[in-house]
Every structure is written in C-alpha cells, then in structure tokens.
There are 2 protein chains.
Amino acid sequence: MTTPQAFRIGALARLSGVKIETIRYYEREGLLAKPGRTAGGIRIYRPSDAQRLAFIRRTRELGFPLGEVRELLGLADRRSRSCRRVHAVAAAHLTEMRRKIEDMRRMERILAGMVADCAEGTLPDCPFLEALACVDWASR
Amino acid sequence: MTTPQAFRIGALARLSGVKIETIRYYEREGLLAKPGRTAGGIRIYRPSDAQRLAFIRRTRELGFPLGEVRELLGLADRRSRSCRRVHAVAAAHLTEMRRKIEDMRRMERILAGMVADCAEGTLPDCPFLEALACVDWASR
DNA sequence: CTTGCACCCTGTAGTGACTACAGGTGCAAG
DNA sequence: CTTGCACCTGTAGTCACTACAGGGTGCAAG
C-alpha cells in the first residue's frame, strides 16, 4: 500500500487523523500552505502536505498551542542551524504542562476525598455539598 | 472586621476573588439571582449572594463545568434528601479528571524525553524537530 | 453647587481551537 | 443522464470568561 501522489481533503483527513474542517481551519490560519485546486475548485494535496499536517498534529498532541506550532514549523522550515530556540519553546511548554498537571492532581485529591465522604447514598446533609458550601480553602 | 449587610459588585469581587465581569456573566447565565438595585441602577448584594458565589467559585476550582455547577447549585437549593445524584455527578467528574491527568502525564513523559534529547544547543539537526517530523506514534 | 474621582452600567466583540451547520457545486460510476 | 457522495464557502456556535467603548452613579472635598 503506497500513498498516492495527489489526493483530496477527505483522503488527507483519513490519512492524518485530522478532520476535514480542521484542515481547512489550519489553512485559513496559515499553518498549511494553500494547496492546488482542480478546475472545479477542489483542493489537491501532495505527500509533503500530509507530512506537514502530521507534524502539526503531533505538535498539537503534545499540547503546544497553535502559535507555538506555527513557530516550530517556521524553525523547521528555516532549518536553523541550532535548536536553541526550539529547546527554549519546548522547555517552557514542559514547565507549563508540569504546572498544570500539579494543579489537576491537587484538585483530584480534594475531589477524591469529598467523593469518598459522600457515601453514595441517603445521608441527610450531603457532605459533598456541605464541603462546597463551607470548606476551608485556605488550607489547600 | 465584619462583613457588611449590603455591598456593591466591586466589594463582592474583592470578597470572593471573582472578577466583576465574571460576576455579571454568572448573573446573565442564571447562576446568581438578579440582585437588587439602587435607584441609579447599581447592583446591591447581600451576604447570601456572597455565599452562593463562593460555592460557585469552589465548584469551578474543582474543575466542574458551569452546567454541572448549575446542577449542583440546584441540588443544594432543593436540599434533596439523598446525595445520590450529587455523588454520581462528582464521581463522573473525578473519573474524567483522572483521565485528563493520565493524558497529560503521558504527553509530559514524551515531551520530557524529547527536550532531554535536544541538548540545549548547537546540534546540526535538532532532534526535537526530527522527532516531531518522524516519531513512531503508534508506540505511545 | 460643582468638580473630581472611583466606581458602576450596558452591550458587543475577542480569545483558542475547533465544530457544526446551511445551502450550494464537482465529479465519477452505473 | 442521473444519482449520490464528496467537496465548496461562509457563518455561527462552543466554553468560560475577558476586554473594551462609551457612557452613568454616588460620594466627598473645595
């Protein structure tokens, strides 16, 4: 099974796992070059477009916002000799991601405790609602 | 220092740690009752509004979307005898949150490895960009 | 009384990253 | 030649705010 040399947006979507609407959105946003068109106006993509889209998808999956995806694409295009800038962007994102994970884990611990207190049932004053109404949030 | 019996939106914002615009947004969305007004149209809040807003804030901080905040507020208002529904909503949210944490931790591990490979510097082909272009993502 | 200032009002638009139509056209198979 | 899927553009909706613009209110000092 080989990839054809030219294909339409539906095939690109299947190939890349990115939805058609999202591909068109990336084009509007300038992340993907405007592809060629048939006489009738249908977009025609080449393997290089699929590669670029895969890069975008993987970068997004790592949680980079589109602005940073754009920057990383630019750095990749420019084949800049060093990866100093790439490293900086990635390291900052990693730090940010770790911060978010810690935030979520903190929330998760609090929530888990509250769910455990709320014994699935017929208690007269739901401890979960009580906690939301009264918890001492200074001691997070 | 006691809380006054009536105060304006700025004081409520300071008291609750919720921004003025957000308070007005919650009112538009029906999470907060429409407060009384002065002759000139200025919103006047009472301590019970501050309590309700604190409930909303804490519920939001636990990551519940506004729709679920609305539902929990309703359950708290109705003082429904059992907390079965509360437990169901909260447990579902906890499961969802744990899923998100796992997703983020997976991303974080991959990203950390890539950042480590990209040795801060002057490598000719940045391994980070290479990974984005080529990584075998089946083996996530 | 007037001025000044902080505070408040409404309404609208922008954010990020899509997603979901509505209403139309292209193209290939039978 | 018709059927029917794939594709097109453009707009609006999502979530939970946030940021104005362009005014009005209320209170104290001068």
Side-chain angles (χ1 to χ4, degrees), chain A residues 4 6-32 34-45 49 52-53 55-73 89 93 96-97 100 103-104 107, chain B residues 4 6-32 34-46 49 52-53 55-73 93 96-97 100 103-104 107:
Chain A
F7 34 88
R8 305 198 290 182
I9 200 167
L12 180 59
R14 275 188 299 280
L15 213 73
S16 64
V18 176
K19 289 189 183 159
I20 289 175
E21 290 87 351
T22 306
I23 295 172
R24 287 197 285 244
Y25 170 71
Y26 288 164
E27 182 186 328
R28 278 201 301 285
E29 293 298 303
L31 293 166
L32 286 175
K34 298 197 174 185
R37 301 269 187 153
T38 65
I42 283 175
R43 289 172 178 83
I44 298 298
Y45 294 98
D49 296 309
R52 192 176 176 88
L53 184 54
F55 184 104
I56 294 171
R57 188 196 163 184
R58 293 188 294 240
T59 312
R60 284 287 303 130
E61 277 177 348
L62 290 175
F64 288 91
L66 281 193
E68 290 177 11
V69 175
R70 206 189 308 273
E71 178 163 8
L72 292 171
L73 276 169
V89 169
H93 179 60
E96 176 65 10
M97 182 144 49
K100 280 189 187 155
D103 283 357
M104 292 200 70
M107 289 182 345
Chain B
F7 35 88
R8 303 197 292 180
I9 200 167
L12 179 59
R14 275 189 298 281
L15 214 72
S16 64
V18 176
K19 290 189 183 159
I20 290 175
E21 290 87 350
T22 306
I23 295 172
R24 287 198 284 244
Y25 169 71
Y26 288 163
E27 182 186 329
R28 277 200 302 284
E29 293 298 303
L31 293 166
L32 286 175
K34 298 197 173 186
R37 302 267 187 153
T38 64
I42 284 175
R43 289 172 178 83
I44 298 298
Y45 294 99
R46 320 222 150 262
D49 296 310
R52 192 176 176 87
L53 184 54
F55 183 105
I56 294 171
R57 188 196 163 185
R58 293 189 293 240
T59 311
R60 284 288 302 132
E61 277 176 349
L62 290 176
F64 287 91
L66 282 192
E68 290 177 11
V69 175
R70 204 189 310 272
E71 178 164 10
L72 291 171
L73 277 169
H93 180 59
E96 175 65 9
M97 183 144 49
K100 280 188 186 156
D103 282 358
M104 293 200 69
M107 289 181 346

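The analysis underlying the following values was restricted to heavy atoms, covering all of them including side chains, and did not include hydrogens, waters or symmetry mates. Worth saying up front: this structure is predicted, and the values here are computed from it rather than measured.
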Rounding to 0.5 Å, atoms CD (E27(A)) and CD1 (I9(A)) come to a distance of 7.0 Å

Measure from [atom1] on [X] to [atom2] on [N] and round the result to the nearest Å.
| X | N | atom1 | atom2 | answer |
| --- | --- | --- | --- | --- |
| Y25(A) | dT9(D) | OH | C1' | 17 Å |
| Y45(A) | dC8(D) | OH | P | 7 Å |
| E21(A) | dT9(D) | CD | C1' | 13 Å |
| L31(B) | dC15(D) | CG | P | 13 Å |
| K34(B) | dT10(C) | NZ | P | 9 Å |
| L12(B) | dC9(C) | CG | P | 11 Å |
| I23(B) | dT10(C) | CD1 | C1' | 16 Å |
| R70(A) | dG16(C) | CZ | P | 10 Å |

With both distances under 3.5 Å as the test, what is the Watson-Crick or G-U wobble partner of dA29(C)?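 dT2(D) is the nucleotide pairing with dA29(C).
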
For dC18(C), give its Watson-Crick or G-U wobble partner with both distances under 3.5 Å, or none.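 Paired with dC18(C), as far as the under-3.5 Å criterion goes, is dG13(D).
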
Quick one, I23(B) and Y45(B) - any side-chain contact, counting heavy atoms below 4.5 Å? yes

For residues R8(B) and I44(B), determine if any side-chain heavy atom of one lies less than 4.5 Å from a side-chain heavy atom of the other. yes

Has R70(A) got a side-chain atom pairing as donor or acceptor with E29(A)'s backbone, closer than 3.5 angstrom? yes

Which heavy-atom pair separates V69(B) from F64(B) by the least distance, and what is that distance?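 Heavy-atom minimum between the residues: CG2-O, 3.8 Å.
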
Touch check for Y26(B), heavy atoms < 4.0 angstrom, all strands: base, sugar-phosphate only, or nothing? sugar-phosphate

Counting the atoms with a prime plus P, OP1 and OP2 as sugar-phosphate, which does R24(B) contact under 4.0 Å by heavy atoms, base, sugar-phosphate, or nothing?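 Base contact.
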
Whichever of G67(B) and G41(B) has its nearest DNA chain D nucleotide further upstream toward 5':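 Its nucleotide being nearer the 5' end, the pick is G67(B).
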
Does a nitrogen or oxygen in the side chain of [X] sit under 4.0 Å from OP1 or OP2 of [N]?
| X | N | result |
| --- | --- | --- |
| R60(A) | dC18(C) | yes |
| R8(A) | dC5(D) | no |
| T22(A) | dT19(C) | yes |
| R43(B) | dG26(D) | no |
| T38(B) | dT25(D) | no |
| R37(A) | dC27(C) | no |

The answer to which of G40(A) and K19(A) contacts DNA chain C further toward the 5' end, by nearest nucleotide, is K19(A)

